[in-house]
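To start, the structure under review is shown below, and the notes come after it.
Every chain is numbered from 1 and lettered A, B, ... according to where its sequence line falls, protein lines coming before strand lines. Given the structure is predicted, the values throughout are model-derived calculations rather than measurements.
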Protein chains: 2
Amino acid sequence: MASLFREAFPPAVSIMPGSQRASRSVVVDLIAVLAAVTAGEPRVMTVTKGSALPSGPFELAHRSLQQGLRDWVEQQTHHPLGYVEQLYTFADKDRADADTAPRTISISYLGLTREHDAAEAGWHSWYEYFPWEDHRAGPPPVIARVLAPALAAWAEDASTAGMRSERRLRAAATFALDGARWNEELTLQRYEMLYEAGIVAERLRREGHSEAGGAGRPMIADHRRILATGIARLRAKIKYRPVVFELMPPTFTLLQLQRCVEAIAGRTLHKQNFRRLMEQQELVEETGGTTSESLGRPAKLFRFRHAVVEERALAGTKLPLAPT
Amino acid sequence: MASLFREAFPPAVSIMPGSQRASRSVVVDLIAVLAAVTAGEPRVMTVTKGSALPSGPFELAHRSLQQGLRDWVEQQTHHPLGYVEQLYTFADKDRADADTAPRTISISYLGLTREHDAAEAGWHSWYEYFPWEDHRAGPPPVIARVLAPALAAWAEDASTAGMRSERRLRAAATFALDGARWNEELTLQRYEMLYEAGIVAERLRREGHSEAGGAGRPMIADHRRILATGIARLRAKIKYRPVVFELMPPTFTLLQLQRCVEAIAGRTLHKQNFRRLMEQQELVEETGGTTSESLGRPAKLFRFRHAVVEERALAGTKLPLAPT
DNA sequence: GTGCTTATGCTCAGTATAAGCATATGCCAG
DNA sequence: CTGGCATATGCTTATACTGAGCATAAGCAC
């Protein structure tokens, strides 16, 4: 049993660029979800007028996937790329825009960068693409007005009573419908449910229908799904790793920091408790300076304590360990 | 730099078929970290006498990467594959065993399967490969006897005083050396540190040295790193998603469940608190039956409540939300 | 029965969290 | 120069969750 997949799947599939591999070839692409928070909005770097994420073919010349991405981004944006992490590798057959397109393997990355000029080209707010994800001013009306009815119809559309009930339950839990609590981390699940239910343009387009009526701004191919993956990952990560600081200027006030987290999470936070959390975790230290950009009492300036990253190997246990 | 991404990608970012691409070929491989827990040991499916993870070329015929993996595993093992998740995609140039090998993109997956015959071929305990990761009977002696001295030597080997101190700090935090707390989630970081420090055979082999003295059992290429990635992921995931149940038989006692978690985490847990946790989370329900496999009072049998997965969209908040 | 073993139930203190109240410090209008 | 407004910052209370230990229950062997 030397090569396991090999036995199961007869001909080996090596990807030979420009080879004689008949009708279809495989392309390896890198796709970047580049995030920044400016002017209180979480933004993503896009190309072609906001309809696609930056992407390009994987070059063999690069030492690693990650390094390649980093080089490229810094060259393009002239902003240092603070943090990079791999998101997911997609190769689903049924996600391409057309069946005739070559099979693509897309390796996607999430990258965080510092605040920059808000008007810079290519940066669009997340919430253009996912208007239902921004709950900072309460549940967005699009949920009750558009999504909930459409999801209800989708649930009723199922063939068996069991499936109908299962879909209703799942929709309620995912979109916080019947009094369920909103969970901001389910961005990807929500998008996929809307896709399954035929409520997003990408699906309608694929089925040959008019794209009108799709919720949120669409993107090409499965780029919006990749963006959803990135948002979900960042929303989860921000809770247990100090990655927000990659999005902040070197010094900041606690309220600025809070607004940044709020922008990402799409929810408002309790000010005093947020502040207590920051202080007790010792993630920040005062610079001594203050700012009085806006009205009211001037706020103290803080900076991130890089030391903590080395000091403790973060990660809450969550397991009831035995006393040692 | 030649554009990794299409230069500035001014035009549409459509994906071109593999045209005028580089000279070397690219191979896309799937690699599986298949885990099970039998007889109190966490085990991984291997091939070629335990020296490699099962892998094979990606087939275009498959609907998706995940489905391809699933089909293959079920065909090979005749066990249903409970849970599959993507781990990571590797393409680092410097990880292959030989520089002349074709550039390989390895897409790795973590799969969980139910308890099976302990003696079945190909299954090896994780801890053969990572003896320093099993702390169920206290810190394994290999840490103090082999790793700590070797890491100390590695730290001293650095060129500047700053680097030496940084290495010492990092080693202590990662391996719980000077009284620091052990963190079982750092499996990958530990392996990578040992690799960097030249304490594992894979590194020695690459440098052309004798492999003797390497800690833990080695594997081919970077398979042990992939296994470390899988272990780390599972150890983290088990804390916030009910994935243990994928490794358990349909009914089980709470102690069996605890032993399973302990095997994975490599640590012992507090019995009563573990039980309280399980009950208050309502993840399990009594079947009504009891077992008296061993001595002592018979234990109640439980089963997993699949319902909870739909009921709540799990995930602790950890953010100080404002009252809505 | 007694003693051994494992299962299960309960308590108590320490800590973290949610939510609200109170005060401080600036600016600005009058 | 005083009162109103806006923001920053500090403090308090009730409640939940955790770590750790004690106590009891229910089988089995003798």
Residue [X], side-chain atoms from C-beta onward, closest of [options]:
X: Gln272(A); options: dG20(C), dA19(C), dG19(D); result: dG20(C)
X: His270(A); options: dG20(C), dG21(D), dT6(C); result: dG20(C)
X: Glu279(A); options: dG10(D), dG9(C), dT18(D); result: dG10(D)
X: Arg275(A); options: dA8(D), dG20(C), dG19(D); result: dA8(D)
X: Lys300(B); options: dG9(C), dC11(D), dA18(C); result: dG9(C)

What about Arg276(A), does its side chain sit under 3.5 Å from the base of dA16(C) through a donor-acceptor pair?
no
Hey, is the side chain of Lys271(B) poking within less than 4.0 Å of OP1 or OP2 on dA7(C), counting only N and O atoms?
yes
Does dC17(D) have its OP1 or OP2 closer than 4.0 Å to a side-chain nitrogen or oxygen of Lys318(A)?
no
What is the distance from [atom1] of [X] to [atom2] of [N], rounded to the nearest Å?
X: Phe302(B); N: dT8(C); atom1: CZ; atom2: P; value: 6 Å
X: Gln281(A); N: dT15(C); atom1: CD; atom2: P; value: 17 Å
X: Asn273(B); N: dA13(C); atom1: CG; atom2: C1'; value: 13 Å
X: Met278(A); N: dT17(C); atom1: CE; atom2: P; value: 11 Å
X: Gln258(B); N: dA7(C); atom1: CD; atom2: C1'; value: 12 Å
X: Lys239(A); N: dT17(C); atom1: NZ; atom2: C1'; value: 15 Å
X: Phe274(A); N: dA18(C); atom1: CZ; atom2: P; value: 13 Å

Give me the one residue out of Arg267(A), Arg235(A), His135(A) that meets side chain to side chain donor-acceptor pair (under 3.5 Å) with Glu184(A).
Arg267(A)
Using a cut-off of 4.0 Å on non-hydrogen atoms, how would the nucleic acid contact of Leu254(B) be classed: base, sugar-phosphate, or nothing?
nothing
Does Leu277(A) reach a base, just sugar-phosphate, or nothing at all? Heavy atoms under 4.0 Å.
sugar-phosphate
For Leu255(A) and Pro320(A), find the nucleotide of DNA chain D closest to each by heavy atoms; which residue's nucleotide sits nearer the 5' end?
Leu255(A)
Strictly distance-based, threshold 3.5 Å: is any side-chain N or O of Arg233(A) a donor or acceptor partner for the main-chain N or O of Leu87(A)?
yes
Find which nucleotide of DNA chain C each of Ala322(B) and Ala299(B) is nearest to by heavy atoms, and output the residue with the more 5' nucleotide.
Ala299(B)
Taking the basic N atoms (NZ, or NE/NH1/NH2) and the acidic carboxylate oxygens, is any pair closer than 4.0 Å for Arg136(B) and Glu41(B)?
yes
Angle between ring planes, Phe252(A) versus Phe245(A), binned at 30° and 60°: parallel, tilted or perpendicular?
tilted
Among Leu301(A), Thr251(A), Leu255(A), find the one that has a side-chain contact (heavy atoms from CB on, under 4.5 Å) with Thr291(A).
Leu301(A)
